[in-house]
Amino acid sequence: MPALPRPAVGPGSRYTARASTTRPRPARHTDVAALSRILTPRDLWLTRMLHEHQVLTTHQIAGLAYTSLRSAQRRLRALHRHAVLDSFRPLTQTGSAPEHYTLGPAGAAVLAAHTGCDFANLGWRPSHTGRIAYSPSLGHDLGVNELLTHLAAHHRTSPHTGLPLWLSERSCARRWGDLVRPDAYAHYRKGDLLLPFFLEYDTGSQPLARVEAKLTGYAAFAATANVRPALLIHTRTASRDQTLRRRLATPARELGLYLATSSADFTTSTPWGPWWSPLGTGDTRRTTLTGLTARWPHLGPASGLDPTDADTALTLPVPPLPPTPEAGT
């Protein structure tokens, strides 16, 4: 099967974050209370998304919440002027990166007030955007967000398809960190078919032995919770995919895991497509995400998703799409 073209920049490319620049904003105090006159439900949703997933690009936000890139850019600039959002552009080896958005100081204050939480519990600091901009894991984190953004935004062109649930690495660690620490957990739905899955986004930086060692944790999770979500491993290249498959085939079969792999050579813009190859016994030909549900009839959602007394409005799952469409945007 021919591979889809690899993007020149961004997730799935030879992307590195070497430096960043911030867009200047007017040097004036932002009245957080006055923002209640201009912030829409979609804006408030975006502050929650950025708190959950740390950083999203203009294109990712536009795919999730806007009908056009231009309308997204216009609104994001306005939110940046009011310090609801911060932004930066990483330096790439070729071309230019899109604007990367994070939660700004006013946005953090609004989010704390809107959720009724103490500002200190947000974990937001004045250095928040700088830490993300220069983080060595920026490319990895953007890759995770890119893959899941495509799945969530698929609902906009296919109404009965989408991502009703998407938990970040931090939320996964809060719930299941004693057993597994995936890069994300999500539910992909198409009609009546549901694929609950953990995502491991492999950039090729980890030794094969370390990737293999993670499988025992997922097997322990399945045994402890008596449920079996799928485990999807997404790699950067087809060659890394094949290397992982040779290494993981035997332990995946012995541990009874529902495991499938793919790479950025295939899933550039349509990760729901026929790019996923199951491991273990049976048919290992590439199939779609919904095709995996047919091959694995005993899949089940992870436990620990129901709200508990320990949860706050900040720790509950954030809907991957805005609450309601907003006309003309």
Side-chain angles (χ1 to χ4, degrees), residues 49 52-53 64 143-155 158-202 214-234 248 252-253 255-262 267 270-280 282-284 286-308 311 315-321:
M49 282 290 284
E52 173 75 6
H53 302 294
L64 291 172
V144 173
N145 292 350
E146 181 80 358
L147 183 71
L148 293 171
T149 292
H150 278 304
L151 291 178
H154 191 34
H155 175 79
S158 182
H160 300 292
T161 304
L163 209 66
L165 179 70
W166 170 12
L167 300 182
S168 67
E169 178 181 8
R170 183 172 54 174
S171 288
C172 291
R174 186 187 304 118
R175 287 168 169 80
W176 311 300
D178 56 333
L179 293 174
V180 295
R181 289 177 175 265
D183 294 316
Y185 173 80
H187 291 171
Y188 178 74
R189 182 182 297 279
K190 183 173 183 180
D192 295 331
L193 297 176
L194 179 69
L195 178 72
F197 66 90
F198 291 114
L199 175 67
E200 288 285 347
Y201 192 88
D202 176 72
K214 294 181 180 181
L215 301 190
T216 57
Y218 287 104
F221 175 88
T224 302
N226 199 29
V227 292
R228 288 186 178 272
L231 172 58
L232 304 184
I233 300 181
H234 185 278
L248 302 182
R253 182 175 62 253
L255 293 171
L257 295 175
Y258 295 131
L259 193 158
T261 67
S262 189
T267 62
T270 57
W272 56 84
W275 320 124
W276 299 91
S277 183
L279 281 176
D283 192 352
T284 60
R286 294 191 184 275
T287 186
T288 63
L289 289 181
T290 51
L292 293 176
T293 63
R295 298 190 190 186
W296 297 329
H298 301 297
L299 285 173
S303 58
L305 297 174
D306 295 329
T308 67
D311 275 315
T315 62
L316 296 176
V318 184
L321 295 179

CA sep, side-chain torsions, deciding dist, call: Asp311, Thr315, side chain to side chain donor-acceptor pair (under 3.5 Å): CA-CA 6 Å; Asp311 275 315; Thr315 62; 2.7 Å; yes
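- Between Pro317 and Arg175, the shortest heavy-atom distance links the atoms CD-NH2, 3.8 Å.
- For the residue pair Leu299 and Ala230, the shortest heavy atom distance occurs at CD2-N, 3.5 Å.
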Distance-only donor-acceptor pairs under 3.5 Å for side chains of residues 185-192, two or more places apart:
{"from": "Tyr185", "atom 1": "OH", "to": "His187", "atom 2": "NE2", "distance (Å)": "2.6"}
{"from": "Tyr185", "atom 1": "OH", "to": "Ala302", "atom 2": "N", "distance (Å)": "2.8"}

Verdict with supporting geometry, Trp166 and Asn145, side chain to side chain contact (heavy atoms under 4.5 Å, CB included): CA-CA 10 Å; Trp166 170 12; Asn145 292 350; 3.6 Å; yes
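- One distance of note links OG1 of Thr288 with CZ of Arg286; it measures 13.0 Å at 0.5 Å rounding.
- Counting only heavy atoms from C-beta outward, the side chains of Leu232 and Thr261 never approach each other to under 4.5 Å.
- In this structure the side chain of Leu321 never reaches within 4.5 angstrom of the side chain of Pro319, judged on heavy atoms.
- At least one donor-acceptor pair under 3.5 Å links the side chain of Ser168 to the backbone N or O of Glu52.
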Trace of the side chain to side chain contact (heavy atoms under 4.5 Å, CB included) decision for Trp276 with Arg295: CA-CA 12 Å; Trp276 299 91; Arg295 298 190 190 186; over 6 Å; no
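- Between Leu215 and Leu259, some side-chain heavy-atom pair lies under the 4.5 Å cut-off.
- Remark: the backbone N or O of Ala220 is paired with a side-chain donor or acceptor of Thr224 at under 3.5 angstrom.
- Looking only at side-chain heavy atoms (C-beta outward), Leu305 and Leu167 come within less than 4.5 Å of each other.
- You'll find the side chain of Thr290 stays beyond 4.5 Å of the side chain of Leu195, heavy atoms only.
- Not counting sequence neighbours, the partners of Arg181 by the side-chain contact (heavy atoms from CB on, under 4.5 Å) test are Ala173.
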Worked verdict on Val227 versus Phe221 for side chain to side chain contact (heavy atoms under 4.5 Å, CB included): CA-CA 8 Å; Val227 292; Phe221 175 88; 4.2 Å; yes
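- Side chains of Pro271 and Leu147 form a contact here, defined as non-hydrogen atoms less than 4.5 Å apart.
- Between Leu199 and Ile233, every side-chain heavy-atom pair lies at or beyond the 4.5 Å cut-off.
- Shown here for Pro278 and Leu292, the closest heavy-atom pair between the two residues is CG-CD2, 3.7 Å.
- Remark: the backbone N or O of Pro301 is not paired with any side-chain donor or acceptor of Arg228 at under 3.5 angstrom.
- Across every non-hydrogen atom of Val144 and Ala184, the tightest pair is CG1-CB, 4.1 Å.
- Checking Thr270 against Trp275 by side-chain atom types alone, a donor-acceptor pair falls below 3.5 Å.
- With hydrogens and angles ignored, the 3.5 Å screen pairs no side-chain donor or acceptor of Ser158 with any backbone N or O of His155.
- A distance of 14.0 Å separates NE2 in His154 from OG1 in Thr149, rounded to the nearest 0.5 Å.
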Residue pair Leu279, Thr284: steps toward the side chain to side chain contact (heavy atoms under 4.5 Å, CB included) verdict: CA-CA 6 Å; Leu279 281 176; Thr284 60; over 6 Å; no
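- Among residues two or more places apart in sequence or in another chain, the side chain to side chain donor-acceptor pair (under 3.5 Å) test is passed with Tyr258 by none.
- There is a side-chain donor-acceptor pair under 3.5 Å between Glu200 and Tyr218.
- When all heavy atoms of Ala152 and Leu163 are compared, the pair lying nearest together is CA-CB, 3.6 Å.
- Among all heavy-atom pairs drawn from Ala153 and Leu64, the shortest one is N-CD2, 4.1 Å.
- Two rings, from His150 and Trp272, have their centers 6.0 Å or more apart.
- A donor-acceptor pair is defined here as one N or O able to donate and one able to accept, closer than 3.5 Å; such a pair exists between the side chain of Trp176 and the backbone of Ser303.
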